[in-house]
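Take a look at the structure set out below.
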Number of protein chains: 2
Amino acid sequence: MESSVSLAAFPRLDVRTMADDGDALRFCSTCAFSQACLDQGMDKSALLDLHVLVEHVGPFHAGEHIFREGDPFEAIAAVRAGTVKTYVIDQDGREHVLGFHLPGEVIGLNAIDGDHYPCNAVALDTVMLCRFSFPKIAVLAARLPGLQRQLFRLLSRDIGRAALLAGDWSADQRMAAFIVGLSRRLAARGFSPNRFQLTMARTDIANYLRLAPETVSRVLKRFQQEGLLAVDRRELELTGRDVLEKLAGPVLRD
Amino acid sequence: MESSVSLAAFPRLDVRTMADDGDALRFCSTCAFSQACLDQGMDKSALLDLHVLVEHVGPFHAGEHIFREGDPFEAIAAVRAGTVKTYVIDQDGREHVLGFHLPGEVIGLNAIDGDHYPCNAVALDTVMLCRFSFPKIAVLAARLPGLQRQLFRLLSRDIGRAALLAGDWSADQRMAAFIVGLSRRLAARGFSPNRFQLTMARTDIANYLRLAPETVSRVLKRFQQEGLLAVDRRELELTGRDVLEKLAGPVLRD
DNA sequence: CGGGATGTTGAATATGATCAATGAGCGTGG
DNA sequence: CCACGCTCATTGATCATATTCAACATCCCG
């Protein structure tokens with residue numbers, strides 16, 4: 001039933017050699033990774049080196065797997081469009097959602113320690129990726145301090161992010177933090193912060209937040225009654241951002 | 001009341017220039033970091049380069065801070081002896097324990113993304129450290145692929161580790177996973193896996209596991225009644241390792 | 001239309017938290 | 001050496017939040 005298109009096995013597509021600077025900068029304009037590398041002190045000629053080892057892959061359609069637990073680790077990837085869910089299946093066959101990855105964010109970082117991906121990654125809608133061979137990018141990072149620094153930062157940031165959900169927060173705080181977090185991440189990529197689609201099912205949200213799906217329903221309903229949200233199916237509008245931010249504050253630490 | 005000896009501000013002690021290979025390898029024999037780097041393909045001459053930028057600092061005594069949230073980030077450090085607790089204080093003044101760091105483990109990795117430490121680190125008993133200036137080690141990593149690889153692995157591993165506690169496990173599972181986890185980490189450093197001291201207070205364990213201190217007491221008592229543990233004050237003996245491993249299994253994923 | 005997946009609602013239940021009190025260990029000082 | 005005080009740990013009783021179980025509603029796609 002489920003299709004499985006392994007990133008590792010994905011044919012190398014769309015590898016172009018850059019001719020001129022302008023082309024290079026247009027090449028991956030939606031991929032925040034390049035911009036961040038520039039910010040870390042990489043010059044444009046270095047960016048060219050980075051871009052020649054990028055492969056644009058996709059589209060992956062909803063339900064298609066990008067990689068699976070145990071697949072040999074070869075590459076990290078930046079999400080260019082769509083949403084990726086990462087998850088594991090435990091011994092009892094229960095799914096545990098590890099995270100949702102929006103455009104501009106990088107998947108596969110937790111695979112660096114080990115030869116295989118430690119989790120599954122699946123597209124929730126139509127997903128486009130920039131694939132970076134990790135061995136190659138590691139070699140390049142040795143030449144480009146800006147790139148090395150950016151990779152260290154990405155990894156370090158994820159450590160902190162993973163700790164957020166670990167707290168013993170209430171269902172309300174978790175839900176608020178999830179919504180505000182999504183909103184901010186979307187805003188950072190240029191999307192509307194106050195009105196967006198939930199690309200994941202309620203059960204996925206519940207699983208991610210370690211709540212029962214019923215609890216997610218009830219909290220959303222109450223938020224709506226309190227005027228914090230307008231919920232219509234998977235469409236979300238933030239109507240009481242200040243209160244949500246305040247609820248989410250302790251979780252997001254700001 | 002509390003003493004604060006910032007690692008950042010700590011005077012550079014014990015910086016030696018290595019004369020010969022034998023000396024270098026003895027230099028940091030209790031620091032697993034060097035060994036791990038060797039395993040990652042670094043040769044001995046490269047290890048010399050690494051060792052000249054190591055500073056052995058300490059001892060820190062119980063309650064002394066190694067660094068504090070907001071201190072400028074300059075260095076990561078490997079624990080050579082003792083236990084380090086990392087934690088944050090939230091807006092309401094409540095402490096959140098992020099982790100306990102045993103000999104051989106590295107602290108400060110989550111500070112790489114940002115100019116300041118994002119948490120506090122305090123010694124729970126007498127702590128000795130190997131301090132590595134991060135700017136210097138990053139420069140060195142560009143020359144030494146084995147070192148770069150080891151740093152990437154350390155960072156990547158911590159991402160996975162942080163996700164473990166995030167699950168919605170029962171108090172019994174959390175407690176078992178904590179004990180089994182400690183046991184394994186101690187065993188990896190050559191300590192007895194079935195009999196060891198808890199260097200942290202019950203309240204710290206509770207805080208780390210997101211349980212009430214009372215719950216920790218009750219679970220420990222029940223484990224003892226069921227013959228899984230012998231608890232005496234902070235002394236712990238694992239008498240039913242198989243059952244504990246089975247309880248911890250889903251949390252530790254093995 | 002119809003059927004299956006997804007989402008919502010209500011009532012009962014359970015797990016761990018909270019509150020309050022007691023106990024044990026340990027350092028200090030008389 | 002014992003008394004004191006402090007911190008840390010334990011125990012019991014009550015309470016609250018979120019889960020579970022069951023039924024129903026809705027949406028989407030054939």
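The sequence lines fix the lettering, A, B, ..., with proteins before strands; numbering per chain opens at 1.
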- Item | Stretch residues 195-205 of chain B: residues that reach within less than 4.0 Å of DNA chain D through a heavy atom | B:Ala201, B:Arg202, B:Thr203
- Task: Could you tell me whether A:Ala171 contacts a base, only the sugar-phosphate backbone, or nothing, with contacts defined as non-hydrogen atoms closer than 4.0 Å?
- Result: sugar-phosphate
- Atom-pair distance (CG on A:Asp232; P on D:dC28), nearest Å: 9 Å
- Nearest whole angstrom, please: distance from the C1' of C:dG23 to the CD of B:Glu214. 15 Å
- Looking at every strand, decide which applies to B:Arg233 at a 4.0 Å heavy-atom threshold: base, sugar-phosphate, or nothing. sugar-phosphate
- Atom CD of B:Gln224 to atom P of D:dT11: distance rounded to whole Å? 9 Å
- Axis-to-axis angle across the helix from C:dC1-D:dG30 to C:dG30-D:dC1, five pairs an end, to 10 degrees? 30°
- What is the distance, rounded to the nearest whole Å, between atom CG of A:Asp172 and atom C1' of D:dA18? 11 Å
- Query: Once you round it to whole Å, what is the distance between C1' of C:dT15 and CG of B:Leu211?
  - Reply: 11 Å
- Quick one: are the ring centres of B:Phe73 and B:Phe134 less than 6.0 Å apart? yes
- Contact class for B:Arg174 vs. all strands (heavy atom < 4.0 Å): base, sugar-phosphate, or nothing? nothing
- Query: Choosing from D:dT19, C:dG16, D:dC8, which nucleotide comes nearest the side chain of B:Thr215?
  - Reply: C:dG16
- For the rings on B:Phe196 and B:Phe191, is their centre-to-centre separation under 6.0 Å? no
- Message: Does D:dA9 have OP1 or OP2 under 4.0 Å away from a side-chain N or O of B:Ser217?
- Response: no
